[in-house]
J.: 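Can you read through this structure? Questions will come right after.
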Amino acid sequence: MSQQPPCPRNVSPWHWGWQLAAPLRDQQRGAFIADAITALGIFVEIQFSKISSAHIAVRERHWGNLVWIFDARGPHADGRLRFTPPTSSAPISYAWSRPPQYLSQCHRPIFLDLGDSPQFGLHLLYRLPDLYDRDSGLGHLYTAESVRQWMRYGTELTPWYHNSGNRRRQAA
């Protein structure tokens, strides 16, 4: 097994963990450096902290085919970001008290990293709906591992849900 490169000093361990999921990272194009590029050639911006509307617009315009991964572990852990328990692969609703305003400036797909979810007991990401409503809406949950596989190998993302037997699983 190959050893992963050490985390650079100016990068958070959370950010670095997501960068390592992609086959390419820190790729320069013009004046910009992409956090990660998936096996399918999709650029990934990994955002740990606040970001201005201007920076969002510039990055989206520059990269074009882009998805965002935002750190939402804090709001989910403290109960401000909650979900209805999914029982099928249909979209599920979320409710978010005091969401960050900058998310509404994104025009590309947004994944929220929930970390080890206290609500569901495993590491999940939530894909916000394309027509993002700040306080509530419908989207999908994915396991962190399935998002990593999508980034690394281009595998299809399938929503996560737990069935009526209360066993957690990935949708088939």
Side-chain angles (χ1 to χ4, degrees), residues 4-5 7-76 80-81 83 89 91-94 96 98-115 117 123-160 170-171:
Q4 68 184 30
C7 182
R9 289 197 317 202
N10 62 340
V11 175
S12 77
W14 173 84
H15 191 281
W16 185 240
W18 280 112
Q19 281 189 287
L20 289 175
L24 296 172
R25 58 188 169 273
D26 292 330
Q27 297 294 303
Q28 188 155 358
R29 186 168 92 182
F32 295 92
I33 298 174
D35 286 330
I37 304 172
T38 72
L40 300 172
I42 298 168
F43 295 93
V44 182
E45 282 290 335
I46 303 161
Q47 198 62 37
F48 182 71
S49 56
K50 287 193 233 183
I51 183 170
S52 72
S53 298
H55 280 106
I56 289 170
V58 166
R59 290 179 189 187
E60 289 187 350
R61 193 170 39 255
H62 183 76
W63 297 120
N65 194 11
L66 168 84
V67 300
W68 294 94
I69 297 178
F70 284 97
D71 183 6
R73 295 173 298 169
H76 184 56
R80 290 188 300 117
L81 177 57
F83 304 90
S89 60
I92 64 163
S93 64
Y94 68 93
W96 197 341
R98 300 183 323 266
Q101 291 184 354
Y102 54 80
L103 291 178
S104 63
Q105 302 304 308
C106 296
H107 294 93
R108 301 292 188 268
I110 300 170
F111 288 90
L112 301 174
D113 185 351
L114 308 178
S117 171
H123 189 170
L124 295 171
L125 282 84
Y126 186 71
R127 165 71 161 77
L128 287 172
D130 289 335
L131 296 174
Y132 169 65
D133 179 1
R134 286 176 26 90
D135 302 323
S136 63
L138 295 173
H140 290 284
L141 285 169
Y142 299 92
T143 65
E145 185 55 32
S146 70
V147 174
R148 285 186 184 97
Q149 295 294 314
W150 169 76
M151 289 174 70
R152 188 172 291 127
Y153 303 113
T155 57
E156 185 176 344
L157 279 171
T158 54
W160 172 86
Q170 191 76 18

J.: Looking only at heavy atoms, what is the nearest atom pair of Ala36 and Ala22, with distance?
T.: CB-CB, 3.5 Å
J.: Supply the atom-to-atom distance Gln149 CD to Thr155 OG1, rounded to the nearest 0.5 angstrom.
T.: 5.5 Å
J.: Anything under 30° is parallel, anything over 60° is perpendicular, the rest tilted; go ahead and classify Tyr102 against Phe70.
T.: tilted
J.: Rounded at 0.5 Å granularity, tell me how far CD in Gln47 sits from NE2 in His55.
T.: 9.5 Å
J.: Would you say that His76 contacts Leu124 through its side chain, given a criterion of any heavy-atom pair below 4.5 Å between the two side chains?
T.: no
J.: Considering all heavy atoms of both residues, which atom of Ser53 and which atom of Gln105 are nearest to each other, and what is their separation?
T.: OG-CG, 3.1 Å
J.: Looking only at heavy atoms, which two atoms of Trp18 and Ala144 are closest? And how far apart?
T.: CH2-O, 3.9 Å
J.: Is Asp26 close to Ile33 at the side-chain level, that is, under 4.5 Å between some pair of heavy atoms?
T.: yes
J.: Rounded to the nearest 0.5 Å, what's the gap from OH on Tyr94 to CG on Leu81? Could you check?
T.: 8.5 Å
J.: Which heavy atom of Ala34 sits nearest a heavy atom of Ile37, and at what distance?
T.: CB-CG1, 4.2 Å
J.: Please check if the side chain of Gln27 supplies one atom and the backbone of Arg25 the other of a donor-acceptor pair under 3.5 Å.
T.: yes
J.: List the steps, then state whether side-chain contact (heavy atoms from CB on, under 4.5 Å) holds for Leu103 with Trp68.
T.: CA-CA 10 Å; Leu103 291 178; Trp68 294 94; over 6 Å; no
J.: Between atom CD1 of Ile110 and atom CD1 of Ile69, what is the distance when rounded to the nearest 0.5 Å?
T.: 12.0 Å
J.: Checking Leu141 against Leu114 for the side-chain contact (heavy atoms from CB on, under 4.5 Å) test, could you report, in this order, the C-alpha distance in whole Å, the side-chain angles of both residues, the deciding distance, and whether it holds?
T.: CA-CA 10 Å; Leu141 285 169; Leu114 308 178; 3.7 Å; yes
J.: May I ask you to test the Trp96-Arg80 pair for a side-chain heavy-atom distance under 4.5 Å?
T.: yes
J.: Under the side-chain contact (heavy atoms from CB on, under 4.5 Å) criterion, do Phe43 and His62 qualify, and how do the steps go?
T.: CA-CA 10 Å; Phe43 295 93; His62 183 76; over 6 Å; no
J.: Quick check: do Phe48 and Ile46 have side-chain heavy atoms less than 4.5 Å from each other?
T.: no
J.: Where the side chain of Trp16 meets the backbone of Pro5, is there a donor-acceptor pair that is under 3.5 Å apart?
T.: yes
J.: Determine whether Phe111 and Tyr142 make a side-chain contact, defined as any pair of heavy atoms from C-beta on separated by less than 4.5 Å.
T.: yes
J.: Looking at CG of Leu157 and CE of Met151, how far apart are the two atoms once the value is rounded to the nearest 0.5 Å?
T.: 10.5 Å
J.: Indicate the atoms forming the closest heavy-atom contact of Ala72 with Leu112, along with that distance.
T.: CB-CB, 3.8 Å
J.: For Gln19 and Asp35, work out which heavy atoms get closest and say how close.
T.: NE2-O, 2.8 Å
J.: Using 0.5 Å steps for rounding, measure from the CZ atom of Arg108 to the CD1 atom of Ile42.
T.: 12.0 Å
J.: So Val67 and Thr38, side-chain contact (heavy atoms from CB on, under 4.5 Å) or not? Walk me through it.
T.: CA-CA 10 Å; Val67 300; Thr38 72; 5.7 Å; no
J.: Just wondering, are more than 12 heavy atoms of other shown residues or ligands nearer than 6.0 Å to CD in Gln28?
T.: yes
J.: Without hydrogens or angle criteria, can the side chains of Asp113 and His123 be said to hold a donor-acceptor pair below 3.5 Å?
T.: yes
